[in-house]
Amino acid sequence: MTKGKLIFTRDNEYYTPKYVVDAFGKFDYDPATVPEKAAEFGIPNFDTEETDGLKRDWTQFKRIWINPPFTRKHEFIAKAWETYQQAKNEIYVLVPIEFLTTLRFQDATGGGTVFLPRGRIQFESGLGKTASGVSFGTVIVKMSDTYGLELITFKKENKNGTLRGI
Ligand SMILES: C[S@@+](CC[C@H](N)C(=O)[O-])C[C@H]1O[C@@H](n2cnc3c(N)ncnc32)[C@H](O)[C@@H]1O
């Protein structure tokens, strides 16, 4: 897939920078990841494409981080909402902002707190590789029975080790 300057060699293999996940606290499960990112985020339970997170019962976990594979985001969103309805656990899902405007998203969910980043998140286009630019905006939605919006400023270290907003 090509979006502007950003080229993903595989649509599903783009990763969240650690400072984004850290801003939401510690998680105990990621249903869609690779072992390297689960280790980097300190998430003890996880699934990969091989083990298939969609087959697992998510109600046993307290705090779930999801940056779903692009090609299967509808299935992950639907399961996130169903799980939240059953367990009322804390589930955070990162999605392209445009996705929020679709009936498919709105029909699959019944509410959510939308965290709107101050500036765009720069994803990693492969393990350890930072993409040079992003051409779409993303938000993080926390499953909730009501709707809400919060602006969030992430802090990340620049090359000199100093913290700044993105
Ligand atoms: C957008 S990446 C996000 C990775 C990581 N969670 C993060 O936030 O950086 C989505 C990951 O889900 C994996 N994946 C694809 N299908 C999956 C499935 N059915 N179950 C679990 N993981 C899957 C992909 O291989 C990819 O590594």
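In this text the structure is predicted, and so the values were computed from the model without any measurement. In listed order, ligands and their atoms are each counted from 1.
- At a 3.5 angstrom cut-off on N or O pairs, Phe76 does not count as close to ligand 1.
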With salt bridge (Lys or Arg N to Asp or Glu O under 4.0 Å) as the test, would you mind laying out the steps for Arg72 and Glu75 before giving the verdict?
CA-CA 6 Å; Arg72 302 193 72 181; Glu75 294 162 90; 2.8 Å; yes
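- By the criterion of a heavy-atom distance under 4.0 Å, both the backbone and the side chain of Glu49 are placed next to ligand 1.
- Proximity of Phe41 to ligand 1, defined as any heavy-atom pair under 4.0 Å, is confined to the side chain (atoms from C-beta onward).
- Salt bridge status for Arg63 with Asp28: absent, with no side-chain N to carboxylate O gap under 4.0 Å.
- When the shell of 6.0 Å around NZ of Lys62 is examined, it contains 12 or fewer heavy atoms from other residues, nucleotides or ligands.
- Asn67 and Tyr15 are not linked by any side-chain donor-acceptor pair at a separation below 3.5 angstrom, with hydrogens and angles left out of the test.
- For atom 20 (N) of ligand 1, the candidate residues are Pro35, Gly53, Ala32, Pro17; the nearest heavy-atom contact is made by Gly53.
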Checking Phe61 against Phe27 for the ring pair (Phe, Tyr, Trp, His ring centres under 6.0 Å) test, could you report, in this order, the C-alpha distance in whole Å, the side-chain angles of both residues, the deciding distance, and whether it holds?
CA-CA 9 Å; Phe61 302 110; Phe27 293 89; over 10 Å; no
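- A donor-acceptor pair under 3.5 Å is formed between the side chain of Lys37 and the backbone N or O of Thr16.
- Each of the atoms 1 (C), 2 (S), 3 (C), 8 (O), 10 (C) of ligand 1 lies under 4.0 Å from some heavy atom of Asn67.
- For Phe115 and Phe24, the ring centers sit closer than 6.0 Å to each other.
- Contact annotation for Asp30 and ligand 1: only side-chain heavy atoms (C-beta onward) come within less than 4.0 Å of the ligand.
- Ligand 1 lies nowhere less than 4.0 angstrom from a heavy atom belonging to Phe123.
- Near Trp65, with a cut-off below 4.0 Å to any heavy atom, the atoms of ligand 1 are 8 (O).
- Salt bridge Lys55/Asp47: absent, no basic N to carboxylate O contact under 4.0 Å.
- Distances from ligand 1 to the non-hydrogen atoms of Ala38 include no value under 4.0 Å.
- Distances between N or O atoms of Tyr14 and those of ligand 1 include no value under 3.5 Å.
- Under 4.0 Å from ligand 1, the heavy atoms of Arg72 that appear belong solely to its side chain.
- Taking any N or O of Lys37, backbone or side chain, none lies under 3.5 Å from an N or O belonging to ligand 1.
- Phe46 has its ring centre no less than 6.0 Å from the ring centre of Phe41.
- Not one N or O of Pro68 is nearer than 3.5 Å to an N or O of ligand 1, by distance alone.
- Within ligand 1, counting atoms from 1 as listed, the ones closer than 4.0 Å to a heavy atom of Val34 are 27 (O).
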